[in-house]
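Down below is the structure, laid out as structure tokens.
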Number of protein chains: 2
Amino acid sequence: MTLHTNPAVAAVDWGTSHFRIWLLDANGTVLAERRSAEGLLSVPPQGFAGILETHLAELQAPPSLPVVICGMAGSRQGWVEAPYASTPVALDAVQAGAVGVASTARKIRIVPGIAQHQPDAPDVMRGEETQLAGIAALASGNHLVCMPGTHSKWVEMRDGTVTGFCTWLTGELFSLLSSQSILRHSVIGAEHVSPDAAPFHKACAEALAQGGDIGAQLFRIRAAGLLAGLSPDDSAATLSGLLIGAEIASATRRFAAGDKMPVTLVGSAALAPLYRAALELAGHEVRIADGDAAVRAGLFAAARHLDMVESKDRATA
Amino acid sequence: MTLHTNPAVAAVDWGTSHFRIWLLDANGTVLAERRSAEGLLSVPPQGFAGILETHLAELQAPPSLPVVICGMAGSRQGWVEAPYASTPVALDAVQAGAVGVASTARKIRIVPGIAQHQPDAPDVMRGEETQLAGIAALASGNHLVCMPGTHSKWVEMRDGTVTGFCTWLTGELFSLLSSQSILRHSVIGAEHVSPDAAPFHKACAEALAQGGDIGAQLFRIRAAGLLAGLSPDDSAATLSGLLIGAEIASATRRFAAGDKMPVTLVGSAALAPLYRAALELAGHEVRIADGDAAVRAGLFAAARHLDMVESKDRATA
């Protein structure tokens with residue numbers, strides 16, 4: 001069990017529907033990890049400490065091991081509220097605002113999210129700020145970061161400072177439209193959407209050409225099924241292409257400087273290929289960042305900023 | 001029971017979720033009516049004749065009374081399929097394509113819907129063609145007809161001919177987003193949206209200014225609830241304004257000639273005031289048509305085209 005003998009910190013990404021924990025050494029290298037579905041939605045009141053300690057015990061983490069957490073555990077409905085930092089804000093300053101958990105003997109810090117208090121463009125994030133810190137730690141300069149998901153976020157970062165961001169409901173709309181709306185009849189039975197599918201590209205191009213207004217295109221999926229026998233796979237690819245294309249058209253318009261900044265895509269295995277294809281179709285230069293690696297790097301950076309990791313050389317002992 | 005002694009025809013609007021029947025005299029005047037929730041979705045196989053005859057019996061309609069039907073009863077999943085007419089098509093020609101029901105002694109005709117077989121803009125309607133015929137019977141010339149609902153339709157009519165149409169999922173999106181998405185937390189408990197609500201107007205104006213691309217505006221409803229305490233009523237008004245404004249922006253762009261044609265709004269009591277306010281905000285000249293009166297007039301026009309009504313003067317006897 002030598003791998004577990006010298007962890008420096010436990011890093012936790014505690015979201016709405018997932019819990020992930022990594023034991024990291026003093027260099028940020030992963031020694032062990034666990035994942036579960038114990039997200040915010042499934043944690044009973046006063047249940048946070050118990051869940052965390054159970055995972056730490058399974059990983060044979062010592063009682064003195066500090067823990068750094070990001071995500072919904074810091075929301076008002078979470079364990080301890082970590083009040084939002086406000087844009088524009090340096091990611092270092094966000095991490096410096098981490099709050100402690102007073103009710104445990106263990107040293108625990110929860111990283112806050114970021115709020116954008118613009119009256120005409122209010123927005124919030126929790127968890128993504130830590131992925132952004134991880135990306136900033138891996139690459140400097142100015143980025144436009146595209147973070148696809150249930151609620152996709154686009155973030156403008158300038159030298160480690162978040163200057164603005166915006167959220168699209170793309171993933172949630174795909175889920176609702178394909179399972180609950182009239183379009184479910186067209187999409188039912190569809191397989192995974194391929195980034196190479198011609199209907200995906202065609203729909204992306206159409207959404208881009210329409211400047212993100214896809215209102216007139218959605219019902220056509222149903223009509224094409226009735227009139228021309230459009231298959232479930234092609235229907236799903238069309239719906240996905242319309243929604244992703246619309247997000248990119250809308251985000252590109254909002255972040256006008258985006259034309260000049262490369263887009264860093266922080267994607268899951270399922271979404272990254274679709275977004276990459278759509279971003280390239282829209283003429284963006286795309287860099288890929290691994291979402292898991294980014295959140296781990298961000299949590300480790302937070303642990304160092306918060307003096308939770310004592311020495312960089314200890315892990316080599 | 002003198003009112004019921006001289007009906008000339010029974011007119012039925014048989015939709016996905018509703019059944020409405022009127023007894024009309026030879027002038028098209030309403031003698032009696034019934035409504036129920038026995039729409040297509042709740043009719044068992046081979047159940048159409050029984051439901052229709054039960055309502056006719058309650059209305060004391062004679063066995064010889066002919067019946068004209070529009071709506072989903074003519075779909076593939078309905079009673080007898082009435083194959084779509086294709087755009088561009090005169091509404092007279094649509095009605096002439098009504099199909100008979102062979103399995104009953106009573107004379108019954110079902111009016112077909114209209115399909116738009118354009119590869120880049122496929123669309124279908126069933127039921128609205130009969131409202132359009134009713135509007136055409138009430139007013140000649142060129143119209144842009146806005147038919148709000150679960151699936152809103154905009155129709156370009158030129159001298160009684162449907163030259164093109166397009167469908168938006170506006171009502172369904174409002175329902176899904178306000179009850180199933182992250183926005184439900186913001187909208188829960190909201191009352192009826194008022195067409196006078198300032199947030200409704202503001203959101204409409206924003207959707208119009210964005211050319212129908214409201215992707216970046218939806219999540220802001222949630223964020224404004226978290227950051228600024230946006231109330232459920234104002235959240236619902238904002239969501240409604242964004243969706244209706246986006247539909248109008250999108251439709252206005254699609255039907256370029258719409259700038260020159262007045263918009264005839266065929267609305268329900270709940271939706272017509274919201275659409276009227278939004279259309280006027282967008283600079284359209286708006287005429288209001290009553291949806292029930294339009295479908296009755298359309299069904300009566302079909303009955304006359306199909307020689308189901310024998311004489312115009314009989315009802316005065």
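In what follows, chains carry the letters A, B, and so on, assigned in the order in which the sequence lines appear, proteins first and then strands, with residues in each chain numbered from 1. Model, not experiment: these values are computed from the prediction. What's counted below: heavy atoms across the whole structure, side chains too, no hydrogens, waters or symmetry copies.
Residues B:L177 and A:L169 meet the side-chain proximity criterion, which asks for heavy atoms closer than 4.5 Å. For the pair A:Q217/B:W168, no side-chain contact is recorded, criterion being any heavy-atom separation below 4.5 Å from C-beta on. Using a 4.5 Å heavy-atom threshold, the side chains of B:H151 and A:R222 count as separate. Looking at B:R220 and A:C166, their side chains come closer than 4.5 Å, going by heavy atoms from C-beta outward. The closest side-chain heavy-atom distance from A:I214 to B:D213 is not below 4.5 Å.
Judged purely by atom type and a 3.5 angstrom limit, B:Q180 has no side-chain atom pairing as donor or acceptor with the backbone of A:L176.
Of the listed residues (A:G215, A:A224, A:G211, A:A115), the one with the most heavy-atom contacts under 4.5 Å to chain B is A:G215. For the set B:V124, B:I182, B:D120, B:L218, the entry with the most heavy-atom pairs within less than 4.5 Å of chain A is B:I182. Between chain A and the options B:S181, B:A228, B:A249, heavy-atom pairs under 4.5 Å are most frequent for B:S181.
Heavy atoms of other residues, nucleotides or ligands lying less than 6.0 angstrom from CD1 of B:I188 number 12 at most.
The line from CZ of A:F219 to CE of B:M125 is 10.0 Å long, rounded to the nearest 0.5 Å.
Interface remark: B:R76 contributes side-chain atoms only to the contact with chain A (heavy atom separation under 4.5 Å). Both the backbone and the side chain of A:A121 come within contact range of chain B, with heavy atoms under 4.5 Å apart. With a threshold of 4.5 angstrom between heavy atoms, B:L243 does not approach chain A through any atom at all.
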